[in-house]
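All remarks here apply to the structure that follows.
Just follow the structure's listing: the first ligand is 1, and inside any ligand the first atom is 1.
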Amino acid sequence: NPKKQWSLNDFEIGKPLGKGKFGRVYLAREVKSGFIVALKVIFKEQIEKYRLHHQLRREMEIQTSLRHPNVLRLYGWFHDEERIYLILEYAHGGELYRELRKTSRLSEKQAAIYIASLTQALVYCHEKHVIHRDIKPENLLLDHEGRLKIADFGWSVQSRSKRHTMCGTLDYLAPEMVENKAHDYAVDNWTLGILCYEFLYGVPPFEAERQTDTFRRIMKVDLSFPSTLDVSAEAKDLISQLLVKDSSKRLSLQKIMEHPWIIKNVTSHDTII
Ligand SMILES: COc1ccc(/C=N/Nc2[nH]nc(C)c2C(=O)Nc2cccc(NC(C)=O)c2)cc1
């Protein structure tokens, strides 16, 4: 029930799951119901130090309001003198990032299932006027059935405010974001192209030694498909229709779902079509 005032006494804290940017995440069990959650503990002085109040509040408002099988739930939150606690959905599989490091490249079918799931989650987010803007493997979690969950809305915005600050690694940023220009929903479409390439080739398309070179490669859309890897023409076609500099010319989310590569690799029971 959303209106309940939660406190630490409502939970038994389990093992630490890992460290986020501004605190740790713990496995936890809600005592009365036995329900397992992930409790993200954020130190207030970290938030004050980096003046991220507005961003954290936005993350919480956004994630609380989103209900979609591929978006990690934020069930509620509470705080004490020095910490803020986010009661988040527990995704047993952890970060997709870890899976990518283990298997280095995904099968075309698995990659297409993840891209279709992300696309459907983004259709839902964009309907709610939410642009995520920071979709990268670290922000994608897998649940016990291997279903993908978009987490960490810390960098997302309600589309009304054009205000934004630079995010982490440049690899996933669209040209208009890297140029710090006003941007719109289509930044997430670009990122789908980046992720699709990384799922199939094991590295993001514009990776370079130095950030300045990544920046240059993004601005030039310096895209190439190593012939050493046997990737289908349909997959390359989808990537090429997403990694387009002019954001108005990127394949729409709807068209992604109708793309031959998705249709060929994703049957209805893989995601909610
Ligand atoms: C280190 O091996 C791990 C294996 C699985 C997990 C599962 N995490 N599941 C989560 N469900 N809801 C949230 C929020 C999380 C979460 O934040 N996980 C998390 C946090 C920080 C680092 C990691 N690292 C990895 C490798 O998953 C996961 C966490 C760690």
Where the closest heavy atom to atom 22 (C) of ligand 1 is concerned, which of Arg73, Glu95, Lys15, Glu138 has it? Glu95

Does Lys149 have a heavy atom less than 4.0 Å from any atom of ligand 1? no

Please could you name the atoms of ligand 1 that Gly18 approaches to less than 4.0 Å, counting only its heavy atoms? 21 (C), 22 (C)

Please could you name the atoms of ligand 1 that Ala38 approaches to less than 4.0 Å, counting only its heavy atoms? 11 (N), 12 (N), 13 (C), 14 (C)

Under 4.0 Å from a heavy atom of Gly94: give me the atoms of ligand 1 that qualify, with their elements. 5 (C), 6 (C), 7 (C), 8 (N), 27 (O)

Backbone or side-chain N or O of Leu141 under 3.5 Å from ligand 1 N or O: no

Do the rings of His68 and Tyr124 sit parallel, tilted or perpendicular, given the 30° and 60° boundaries? tilted

Show me the side-chain donor-acceptor pairs of residues 203-210 shorter than 3.5 Å, one per line, residues at least two apart or across chains.
unit_1	atom_1	unit_2	atom_2	d
Arg210	NH2	Asp213	OD2	3.4

Atoms of ligand 1 close to Ala91 [distance to a heavy atom under 4.0 angstrom, numbered from 1]: 7 (C), 8 (N), 9 (N), 10 (C), 11 (N), 12 (N)

Angle between ring planes, Trp77 versus His79, binned at 30° and 60°: parallel, tilted or perpendicular? parallel

Hey, does Glu89 come in under 3.5 Å of ligand 1, counting only N/O atoms on both sides? yes

Can you classify the ring geometry of Tyr75 versus Phe35 as parallel (below 30°), tilted (30 to 60°) or perpendicular (above 60°)? perpendicular

Per the side chain to side chain donor-acceptor pair (under 3.5 Å) rule, what does the pair list look like for residues 195-206, sequence neighbours excluded? Tyr172-Glu198

Is the positively charged end of Arg101 above the ring of Tyr97, judged by distance under 6.0 angstrom from the centroid and angle within 45° of the axis? yes

